[in-house]
Number of protein chains: 2
Amino acid sequence: MLTLTHYQILRFISASGPTTRAELVSRIGLSKAAMSGLARELIDKNLLRETSTIQKQGRPSTLLDLDPQGAYFIGVSMASDPAVIALVDFKGEIVNRIDIARSTDPDEFAQAIANCLPKLIGGAAVAQKRVLGMGVTLSGLVDQEQANCIKSTILGWQDVPLAKIIHKHTHLPTFIENDAKALAVSERLFGEARDMHSFSLIWLGKGIGAAHFVHDRLHRGAHGGAGEIAHCTIEPNGLPCRCGKTGCLDTVASMIAILDAARAQGLKAETLDDIERAAASGSSVAIRLLHRAGSALGLAISQIIQINDPQMVLVTHREERFDGLFSTVMQQAIEANVLPRLSGVTPIQFRKVADADWAVGAASVATHSFLHGFI
Amino acid sequence: MLTLTHYQILRFISASGPTTRAELVSRIGLSKAAMSGLARELIDKNLLRETSTIQKQGRPSTLLDLDPQGAYFIGVSMASDPAVIALVDFKGEIVNRIDIARSTDPDEFAQAIANCLPKLIGGAAVAQKRVLGMGVTLSGLVDQEQANCIKSTILGWQDVPLAKIIHKHTHLPTFIENDAKALAVSERLFGEARDMHSFSLIWLGKGIGAAHFVHDRLHRGAHGGAGEIAHCTIEPNGLPCRCGKTGCLDTVASMIAILDAARAQGLKAETLDDIERAAASGSSVAIRLLHRAGSALGLAISQIIQINDPQMVLVTHREERFDGLFSTVMQQAIEANVLPRLSGVTPIQFRKVADADWAVGAASVATHSFLHGFI
DNA sequence: CTGATTTAGTTCAGAAATTGTACTAAGTAG
DNA sequence: CTACTTAGTACAATTTCTGAACTAAATCAG
């Protein structure tokens, strides 16, 4: 139906935002004639639409943008219980959302998803045929084909062919992905990392995860394990970790580790924010904890910068604010540990992630597959 | 002259070795008819040749392989003084070699290269028009276009447009690259890493360098700095490093650091091998040194594995043997610091690199550019 | 206000790349 | 010796892309 060139155009606009035919011609390297026809075909299929015009000299040019209503994708996030199922448009906006109980029985869960699709899609008055695919995210390892869950401790899964099972129940092209990796995909398609060829995302939550974009593509790793920084050794001879080693980043800088340590030292805290407030009012325990965690995470990020030299590092978290001692120490640690020549050239950005964002991340995995021509 | 599809075929054969038309059809996704024509065109241009046939059932199939005499590339390695200039065939074999004094004056050096080309090419009885490009490697940072040397401490260069200067004198398409990165390219094209989509190369010499292939392409990094692991912090509060920080990998595991430390502790040693021998005969100083260096390098490699999950790690060095205490400790440290789930799945390989290999690396940068359609 | 100039985009015939179908080629299996 | 299998080629038909000539819609200069 669509040719490689069509997808190339869609990808370019997805990355760079609204673009004129003339600019597409020079950036993609096609003739004006070819572009004219291809653009019309994409408009006819409702995948592109003309938005505004821009004027310099000569005839004004028309901007082409993705038509948000031309394609929809379903995102299922199993990061939380209840799981979030969202219907997401072509530009990454949620148009409908349903929460359902998470089941660890794959068949049962697939059936539950299938059952709520009519309500999800119909409730938003979206035509069935516009829904092109589904992405499902979970905490765990996913194989190269994005079809099987190799291992998820939380769900108790090992080698579960989840994509196939869900496809059987929903008949939608389905892709599985690790949650941090999916978040990176949505940041690449819709968020802070639009138009970046390479960047690294850090997820700082109960655990710590990371994901890398390289050459405009998600780098999953030979065994799907790229970004497993939680178990980088940061404190040689440090605390024992649940993974079996000692001194892992996870034992120092994950939210679980920070809050556990706080409680163990008699500090009442439910969130990072609580500890930040305690530190601000002079609690030496809180200050010490934040110093230790921030410098550990900063050190780990500095390793990423020196190994991969990304265009940007995006730190995602669930705190309302992220401008306290932790973040300050972290940034100082990055500065201190990165080769002076490379120091300061890698922007560090922060972004709060809400429940719904995970579902957008899941959907974006399908969007990304679509843009790379899965159909 | 050649289309994208031609290059696709050349790349596939370059990566996978001799291949039949039938296999190319299924792997690249073209029709038999198209492949038949394209293969003939490439044979006519002397870029491919038919080698042996293989027989199963039905008509025997003919293997197509790169024709080593169809394309030549020149590699200039500025890693050593004298610099090595090599004429390398399409399959990575050196067919002629000249050493010339290295000059830090770019124009002078370019002229010196140009002067010896007739002898280099003529001496091997290669037709001028078969020489398709030149690669130049140096120790330092190189920009995204592989045209300018941003910074080389050894050569005392900053923002030198070396590719343009050399092109002016030689009229050959010219590409600059960092030495460790170039070595990775040649390992990808001709060596241990053929057919790997992603791998990491470590260069262990006077200094330490690294380079990564991801998605079948060299990952240079946003500022050309990917692989700068020499200045990863390995020993917090360790020795001061020439880069201005402390505890860098470079201060512990580079050959300079190891040999300096050995001398400082009264151990007579010119090479790693000397220290290995001392350790084997019981010198506690030597044993301690090798332990410290090996575990530091192992830790750094474990970070690479956990961050990037490559298909392989290739450790390159200039020692005759590399199976002593250093290597053993290093491998133990990798085992100990990699997440158990990922441990043991990443093969670690070793390869001795000689002077001439650097020149092949340099040439391979041009070969790689050619295979990706620079012409 | 008018015509020259500039840039965007379209049309359409022709060129280039690719495919489908029917063919030949060269072996193995029985 | 015949049937079967797989590799590879020939050629017309199709798809995709380009070049050149066109139309469209603005600015600029007087």
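Throughout, protein chains are lettered first and strands after them, A, B, ... in sequence-line order, and every chain is numbered starting at 1.
- Between A:Met35 and B:Arg21, the residue anchored closer to the 5' end of DNA chain D is B:Arg21, taking for each the nucleotide with the nearest heavy atom.
- Of the candidate nucleotides D:dA7, D:dA26, C:dT11, D:dA26 has the atom nearest to the side chain of A:Pro60.
- Atom CD1 in B:Ile54 sits roughly 14 Å away from atom C1' in C:dA26 (whole-Å rounding).
- Along DNA chain C, the nucleotide nearest to B:Thr3 and the one nearest to A:Lys56 differ in position, and the one closer to the 5' end is contacted by A:Lys56.
- Taking 4.0 angstrom as the limit, A:Thr62 places none of its side-chain polar atoms (N or O) nearer than this to OP1 or OP2 of C:dA8.
- Two residues, A:Leu38 and B:Glu50, neighbour DNA chain D, and the one matched to the more 5' nucleotide by heavy-atom proximity is B:Glu50.
- As rounded to whole Å, 12 Å separates atom P of D:dT9 from atom CG of B:Leu24.
- What separates CD of B:Gln55 from P of C:dG27 is a distance of 6 Å, to the nearest Å.
- Note: CD (A:Glu41) to P (C:dT10) measures 12 Å, nearest angstrom.
- When distances run from any side-chain atom of B:Ser61 to the nucleotides C:dG9, D:dA7, D:dA25, the shortest one goes to D:dA7.
- As rounded to whole Å, 14 Å separates atom P of C:dA25 from atom NZ of B:Lys32.
- Taking atom CG of A:Leu42 as the reference point, atom P of C:dG9 lies 15 Å away to the nearest angstrom.
- Looking at B:Arg220, its side chain does come within 3.5 Å of a backbone N or O of B:Asp143 through a donor-acceptor pair.
- Proximity of a side-chain donor or acceptor of B:Thr19 to a complementary backbone N or O of B:Gly17 within less than 3.5 Å is detected.
- Ion pair A:Asp216/A:Arg188 flagged as a salt bridge, since at least one NZ, NE, NH1 or NH2 atom sits closer than 4.0 Å to an Asp/Glu carboxylate oxygen.
- Each of D:dG8, C:dT6, D:dC17 was ranked by its minimum atom distance to the side chain of A:Gln57; first place goes to C:dT6.
- The CD-C1' distance, from A:Gln8 to D:dC17, rounds to 13 Å in whole Å.
- A salt bridge links A:Glu50 to A:Arg21: at least one charged side-chain nitrogen sits closer than 4.0 Å to a carboxylate oxygen.
- Remark: the A:Arg59 side chain and the C:dA8 base include a donor-acceptor N/O pair separated by less than 3.5 Å.
- Between A:Arg40 atom CZ and C:dA8 atom P the separation is 18 Å, expressed in whole Å.
- Here A:Ala33 lies in heavy-atom contact (under 4.0 Å) with a base.
- Listed candidates were D:dA10, D:dG8, D:dC17. Nearest to the side chain of B:Thr20 is D:dG8.
- Nearest to the side chain of A:Ser36, among D:dT27, C:dT11, D:dA26, sits C:dT11.
- Within the 4.5 Å cutoff, no side-chain heavy atoms of A:Ile166 are placed close to those of A:Leu172.
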